[in-house]
> 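Right, I'll just put the structure down here and ask away after.
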Amino acid sequence: GCSNDVLVFRAKAGVSKRFLYYVLSDDTFFDYSMATSKGTKMPRGDKAAIMKYGVPDFTYEEQEKIAGILEILDRKIRLNTEINENLQEQAQAIYSNMFICNASGQWTDGILSDVAEITMGQSPKGDTYNENGVGTVFFQGRGEIWIQISDTPPVHDRSKAHGSIKRCSYERSCARW
């Protein structure tokens, strides 16, 4: 027994359950379900409308082949995500080792306003960030600033986000960006 709010899909004979999974996982199916849903406070999928959703008519073998390719791509995406997370962890460890744990005694204390300007409002185009005309929008949205460095707890209070930072010239730094 399922709730009346839950629709359970089971592939019919001649339909690959792996292929059906990908059809139902597609954003266009979600968009269709939302567009045909009933109710305003708690929208629910309309079973009659959902059952009319168009599905490509491939042979079982074609469905299996398509699902197999999509599964390979999903595995590759998961692997790339794991690699990216590992690289991020390595970058954080290197940064911490170079600038937190082994900070040079030659570096001077400074504050963020010594090294950066922050302008709130609409972000400029990325090509205005440097002489080469390349860049990425740094921050867009509300004005809260959350800072977390190494193992220190996040700073939620903007009045406390002006603590000292270590700085040094590019020539003396181990960092190259």
Side-chain angles (χ1 to χ4, degrees), residues 1-100 118 121-154 156 174-177:
C2 288
S3 164
N4 289 335
D5 293 336
V6 176
L7 297 177
V8 178
F9 296 89
R10 290 194 178 91
K12 292 183 177 181
V15 177
S16 164
K17 64 183 177 182
R18 295 167 50 216
F19 177 76
L20 182 60
Y21 165 81
Y22 283 104
V23 168
L24 299 177
S25 298
D26 189 71
D27 286 342
T28 56
F29 175 73
F30 178 81
D31 293 342
Y32 175 85
S33 297
M34 292 305 295
T36 59
S37 66
K38 292 183 177 179
T40 54
K41 188 173 183 180
M42 291 287 292
R44 290 175 176 78
D46 179 6
K47 182 180 176 185
I50 289 173
M51 297 308 291
K52 293 177 185 175
Y53 181 73
V55 176
D57 187 20
F58 296 115
T59 66
Y60 185 83
E61 292 75 24
E62 291 170 323
Q63 293 174 28
E64 281 291 299
K65 192 172 188 175
I66 292 167
I69 292 168
L70 294 173
E71 286 172 347
I72 290 168
L73 291 172
D74 279 347
R75 281 195 299 272
K76 182 64 174 166
I77 290 168
R78 278 193 299 276
L79 177 62
N80 286 347
T81 299
E82 290 173 15
I83 290 169
N84 289 341
E85 288 171 355
N86 180 274
L87 290 171
Q88 183 65 38
E89 289 173 11
Q90 289 181 46
Q92 291 287 1
I94 291 168
Y95 175 85
S96 177
N97 184 49
M98 292 174 65
F99 299 108
I100 307 296
I118 298 177
Q122 186 65 34
S123 294
K125 293 182 180 178
D127 61 6
T128 65
Y129 290 140
N130 58 50
E131 297 81 22
N132 298 328
V134 295
T136 303
V137 174
F138 169 66
F139 181 80
Q140 179 69 34
R142 293 176 32 187
E144 286 89 7
I145 297 174
W146 293 51
I147 298 174
Q148 184 169 5
I149 300 173
S150 185
D151 294 326
T152 60
H156 303 291
C174 301
R176 301 288 185 260
W177 39 70

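All figures in this text were calculated on a predicted structure; none of them were measured in a lab. Quick note: numbers below take in every heavy atom, side chains included, and nothing from hydrogens, waters or symmetry partners.
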> Would you mind reporting whether Tyr21 and Glu71 have side-chain heavy atoms less than 4.5 Å apart?
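Counting from C-beta outward, Glu71 and Tyr21 never come under 4.5 Å.
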> Determine the minimum heavy-atom distance between Asp46 and Thr36, stating which atoms define it.
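So the two residues come closest at CB-O, 3.2 Å.
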> Which heavy atom of Gln63 sits nearest to which heavy atom of Phe58, and what is that distance?
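Heavy atoms of Gln63 and Phe58 come nearest at NE2-O, 2.9 Å.
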> Kindly indicate whether the side chain of Gln90, heavy atoms from C-beta on, has any atom under 4.5 Å from the side chain of Leu87.
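Yes, their side chains come closer than 4.5 Å.
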> Carefully, step by step, assess Asp31 and Met34 under the rule side-chain contact (heavy atoms from CB on, under 4.5 Å).
CA-CA 5 Å; Asp31 293 342; Met34 292 305 295; 5.8 Å; no
> Would you indicate whether the side-chain heavy atoms of Glu85 and Thr81 approach each other to under 4.5 Å?
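In short, these two side chains touch, coming nearer than 4.5 Å.
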> If the condition is side-chain hydrogen bond (donor to acceptor under 3.5 Å, both in side chains), which residues does Tyr22 pass it with, not counting sequence neighbours?
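Checked Tyr22 against side-chain hydrogen bond (donor to acceptor under 3.5 Å, both in side chains); matches are Asp74.
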> Is it the case that over 12 heavy atoms from other parts of the model lie below 6.0 angstrom from the CZ atom of Phe9?
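Result for CZ/Phe9: enclosed.
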> Could you list the residues that satisfy side-chain hydrogen bond (donor to acceptor under 3.5 Å, both in side chains) with Glu64, not counting sequence neighbours?
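Partners of Glu64 under the side-chain hydrogen bond (donor to acceptor under 3.5 Å, both in side chains) test: Ser16, Arg18.
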> Does Asp57 have more than 12 heavy atoms from other residues, nucleotides or ligands lying within 6.0 Å of its CG?
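No.
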> What pairs with Tyr53 under side-chain hydrogen bond (donor to acceptor under 3.5 Å, both in side chains), at least two apart in sequence or on another chain?
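With neighbours one apart ignored, the set is Thr28.
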> Specify the closest pair of heavy atoms between Ala67 and Phe19, including all atoms of both residues, with the distance to one decimal.
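The answer is CB-N, 3.7 Å.
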> Other residues, nucleotides and ligands only: do more than 12 of their heavy atoms fall within 6.0 Å of CZ on Phe29?
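Yes - once you tally the heavy atoms of other residues, nucleotides and ligands closer than 6.0 Å, there are more than 12.
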